[in-house]
Amino acid sequence: MRTATLGPVERGEALARMAERELDILVVGGGVVGAGTALDAATRGLATGLVEARDWAAGTSSRSSKLIHGGLRYLEMLDFALVREALKERGLLLGRLAPHLVKPVPFLYPLQHRGWERFYAGSGVALYDAMSVSSGHGRGLPVHRHLTRTQALRVAPCLRKDALVGALQYYDAQMDDARYVTTLVRTAAAYGADVANRARVVGFLREGERVVGARVRDVEQGGEFEIRARQIVNATGVWTDDTQKLIAERGQFHVRASKGIHLVVPKDRVHSTTGLILRTEKSVLFVIPWGRHWIIGTTDTDWDLDKAHPAASSADIDYLLEHVNSVLSVPLTRDDVQGVYAGLRPLLAGESDATSKLSREHTVAHPVPGLVVVAGGKYTTYRVMAKDAVDEAVHGLSQKVADCVTEDVPLVGAEGYHALWNGRARIAARAGLHVARVEHLLNRYGSMADEVLDLIATDPVLADPLTGAEDYLRAEVVYAASHEGARHLDDVLTRRTRISIETFDRGTRCAREAAELMAPVLGWDAVQVGKEVEHYEKRVEAERESQLQPDDQTADAARLGAPDVQPI
């Protein structure tokens, strides 16, 4: 297996190789579906390329609720097939594919009505557990349990006594979505895929009716080049329609964007040992454990403004606070909010005016010869979407291609994770770190934590925590640039780490230190370091300003006040 390193040298080599030969499959879009498609194609023995216009997971795939779940609310919609499929994938991710990244998480569902609600909700959760077990991959999580009000308040003292008459507790799973995508991309590269971020498709190559390649602009180094491929997969999520326009062809379906925002608050603001799930008039609301924080979300509203930087308005934030405070004994205020982020769900457009009613199932189409489009779906079922996209592309290759094998391909870092976890005390002693630091590294990098520890062994100063973001080591910033494809400061503070939403200053305090750590790896001079820091500070300022605005239009205008950083 080749290296899974995504450093600047590897990026340049990958772009050169893609321009030199005809690929079997070129995937456009570096979110979870695109990355999964590249891994699926590469592990079938196909010559595969993957290009992303911005950073890995820069769009929807870094701004989700960070849950791997079957979707309890889809049971209520009687979408049993989708739930069963998602529960199988949840089990695979927890037990085989990514145990270092995907972890169980408990949720409490408060009951507000006696009798019928316990029977109704309890039947749904019981079916959820039964479908999980019947999938063959659901035995790793505890089954649900019924709680009295006293028992519920014991595990979640934050709840108002008059907000519930009892509760149900069940389990799902969670992950760091952006980290998961980066690991997926690295796995694809390890199996032979050529991958490059900051490489934007600006047009498609045609021979008659057939699409035979793409024109790609290197956003970092400048210049355009052609990548020829026998099949191209458009996996650009909410940008699906925009990508289709590059071939001047109307798509067979349309993707509609739904905005969901999330708040991040410190752990001590909500006294609970379990996550919460609450019903709202439009959807459901989660309070999700997130390390030393809670993630509260989400909203579900139509969005037709800037797709690259969806903005959270003051109204969005008030909506979430109002609904979560309806059950909390100590209400949250704006001052409790450390971070805010907004993302866009790619929903298949239908007849419903409400985005919460649009389908989360995915669709694969072959609108013109040489081009496959995959859209819709949900994060949890990305592997199934990828399989279906490659299956469709294979029809146009006119050759025998192996079946999908990704059900049995662990992500890089998964192999040996459990053994390393069991020996974490010895690793900590050998590295001179507290065992809590080693646990943190193992749950972010799995067995590749050794590579981070190697950086520390070479330069012991990298064992120090980042100033103003002490949950992360300085070595992790260097590693993000040298091994994980981070090209800019924003990539590190927003996606390789979660400093931008986990600190009250949103990462501005550690921005210069982080940029200076990245500089030697990426060849930055003092001017570029200053430019990176200035851009990040302006981005944070623009986001804060947008979150004071009353509606989507004014919030969007405020957020666009900070332009994207450009390399010198």
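Everything numeric here is computed off the predicted structure, so don't read it as measured data.
- Residues Val374 and Asp388 form no side-chain contact, since every pair of their non-hydrogen atoms from C-beta on lies 4.5 Å or further apart.
- Listed for the Gln151 side chain is a donor-acceptor partner under 3.5 Å among the backbone atoms of Thr148.
- Contact detail for Ala558 and Gln549: the closest heavy-atom pair is CB-CG, 4.2 Å.
- Under 4.0 Å is where a charged nitrogen must lie from a carboxylate oxygen, and between Lys245 and Asp241 no such pair does.
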Derivation of the side-chain contact (heavy atoms from CB on, under 4.5 Å) call for Val364 and Val373:
CA-CA 6 Å; Val364 176; Val373 182; over 6 Å; no
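- Counting only distance, with no hydrogens or angles, the side chain of Asn234 and the backbone of Thr236 share a donor-acceptor pair below 3.5 Å.
- No side-chain N or O of Asn422 forms a donor-acceptor pair with one of Tyr417 less than 3.5 Å apart.
- Taking the charged nitrogens against the carboxylate oxygens, Glu407 and Lys88 do have a contact shorter than 4.0 Å, which makes a salt bridge.
- Residues in residues 267-290 take part in these ring-ring contact (aromatic ring centres under 6.0 Å, His included) pairs, two or more places apart or across chains: Phe107-Phe286.
- In terms of heavy atoms, Arg559 sits closest to Ser546 at N-CB, 3.9 Å.
- Residues Arg496 and Asp55 are paired through a salt bridge, judged by an N-O separation under 4.0 Å between the basic side chain and the carboxylate.
- At a cut-off of 3.5 Å, with distance as the only test, no side-chain donor of Ser329 or Arg160 sits close to an acceptor on the other residue.
- Side-chain contact check for Ser258 and Arg345: at least one donor-acceptor pair (N or O, by modelled atom type) lies under 3.5 Å.
- Contact check for Asp551 versus Ser313: no side-chain heavy atoms found under the 4.5 Å cut-off.
- Screening residues 290-299 for salt bridge (charged side-chain N to carboxylate O under 4.0 Å, His left out), with sequence neighbours left out, gives Arg292-Asp471.
- Tyr341 places a side-chain N or O within 3.5 Å of a backbone atom of Ser64 that can act as its donor or acceptor partner.
- Between Asp318 and Arg334, at least one side-chain nitrogen of the basic residue sits less than 4.0 Å from a carboxylate oxygen of the acidic one, meeting the salt-bridge criterion.
- Among all heavy-atom pairs drawn from Pro266 and Trp294, the shortest one is O-CD1, 3.5 Å.
- A donor atom on one side chain and an acceptor atom on the other are found under 3.5 Å apart for Ser65 and His262.
- Salt bridge absent: Arg509 and Asp505 never bring a charged side-chain N and a carboxylate O closer than 4.0 Å.
- For the residue pair His69 and Arg90, no side-chain donor N or O sits within less than 3.5 Å of a side-chain acceptor on the partner.
- In this structure, Arg179 contributes its side chain and Thr497 its backbone to no donor-acceptor pair below 3.5 Å.
- Checked by atom type and distance alone, the side chain of Asp336 never pairs as donor or acceptor with a backbone atom of Val265 at under 3.5 Å.
- A salt bridge links Lys307 and Asp242; the closest N-O separation between the charged side-chain nitrogens and carboxylate oxygens is under 4.0 Å.
- No side-chain donor-acceptor contact under 3.5 Å links His144 and Gln169.
- With respect to Lys259 and Asp300, no salt bridge is recorded, no charged nitrogen being found less than 4.0 Å from a carboxylate O.
- Using a cutoff of 4.0 Å between basic side-chain nitrogens and carboxylate oxygens, Lys66 and Asp176 are not scored as salt-bridged.
- With values rounded to the nearest 0.5 angstrom, Tyr536 atom OH is found 7.0 Å from Cys510 atom SG.
- Using modelled atom types and a 3.5 Å distance limit, the side chains of Thr494 and Arg539 yield a donor-acceptor pair.
- For His293 and Glu502, the side-chain atoms include no donor-acceptor pair closer than 3.5 Å.
- With Ser62 contributing its side chain and Ala57 its backbone, the two residues share a donor-acceptor pair below 3.5 Å.
- Take Arg279 and apply the salt bridge (charged side-chain N to carboxylate O under 4.0 Å, His left out) test, not counting sequence neighbours, and it matches Glu76.
- Counting only distance, with no hydrogens or angles, the side chain of Thr60 and the backbone of Leu344 share a donor-acceptor pair below 3.5 Å.
- Taking Tyr319 as the reference, His323 meet the ring-ring contact (aromatic ring centres under 6.0 Å, His included) condition, with sequence neighbours excluded.
- The aromatic ring centres of Tyr171 and Tyr128 sit 6.0 Å or more apart.
- Atom NZ of Lys267 has more than 12 neighbouring heavy atoms from other residues, nucleotides or ligands inside a 6.0 Å radius.
- Between Leu320 and Thr298, the closest heavy-atom pair is CD2-C, 4.0 Å.
- A donor-acceptor pair under 3.5 Å links the side-chain atoms of Arg424 to the main chain of Trp421, judged by distance alone.
- By the neighbour-count criterion of 12 heavy atoms within 6.0 Å, atom CD of Glu537 is densely surrounded, having more than that number from other residues, nucleotides or ligands.
- Considering every non-hydrogen atom in both Gly29 and Glu52, the closest pair reads C-OE1, 3.7 Å.
- Side-chain atoms of Pro104 and Leu94, non-hydrogen and from C-beta on, do get closer than 4.5 Å to each other.
- Inspection of the His440 and Glu476 side chains reveals an N or O donor paired with an N or O acceptor under 3.5 Å.
- In this structure, the side chain of Asp556 does not engage the main chain of Asp552 through any donor-acceptor pair within 3.5 Å.
- With sequence neighbours excluded, no residue satisfies salt bridge (charged side-chain N to carboxylate O under 4.0 Å, His left out) with Asp335.
- The shortest side-chain heavy-atom distance between Val264 and Val340 does not fall under the 4.5 Å cut-off.
- Between Gln547 and Glu543, the side chains place no donor N or O within less than 3.5 Å of an acceptor N or O (distance only, hydrogens not considered).
- Taking both residues in full, the closest heavy atoms of His100 and Val412 are given as NE2-O, 3.1 Å, listed atom of the first, atom of the second, then distance.
- Remark: the backbone N or O of Val384 is not paired with any side-chain donor or acceptor of Thr381 at under 3.5 angstrom.
- A side-chain contact (heavy atoms from CB on, under 4.5 Å) with Ser61 is found for exactly one of Asp177, Thr182, Val32, namely Val32.
- The only option from Ile295, Leu101, Ile68, Ile288 that meets the side-chain contact (heavy atoms from CB on, under 4.5 Å) definition with Gln174 turns out to be Ile288.
- None of Val435, Leu442, Leu441 except one satisfies the side-chain contact (heavy atoms from CB on, under 4.5 Å) rule with Glu439; the exception is Val435.
- Remark: Glu117 engages Tyr109, Leu111, Gln112, His113 in a side-chain contact (heavy atoms from CB on, under 4.5 Å) (not counting sequence neighbours).
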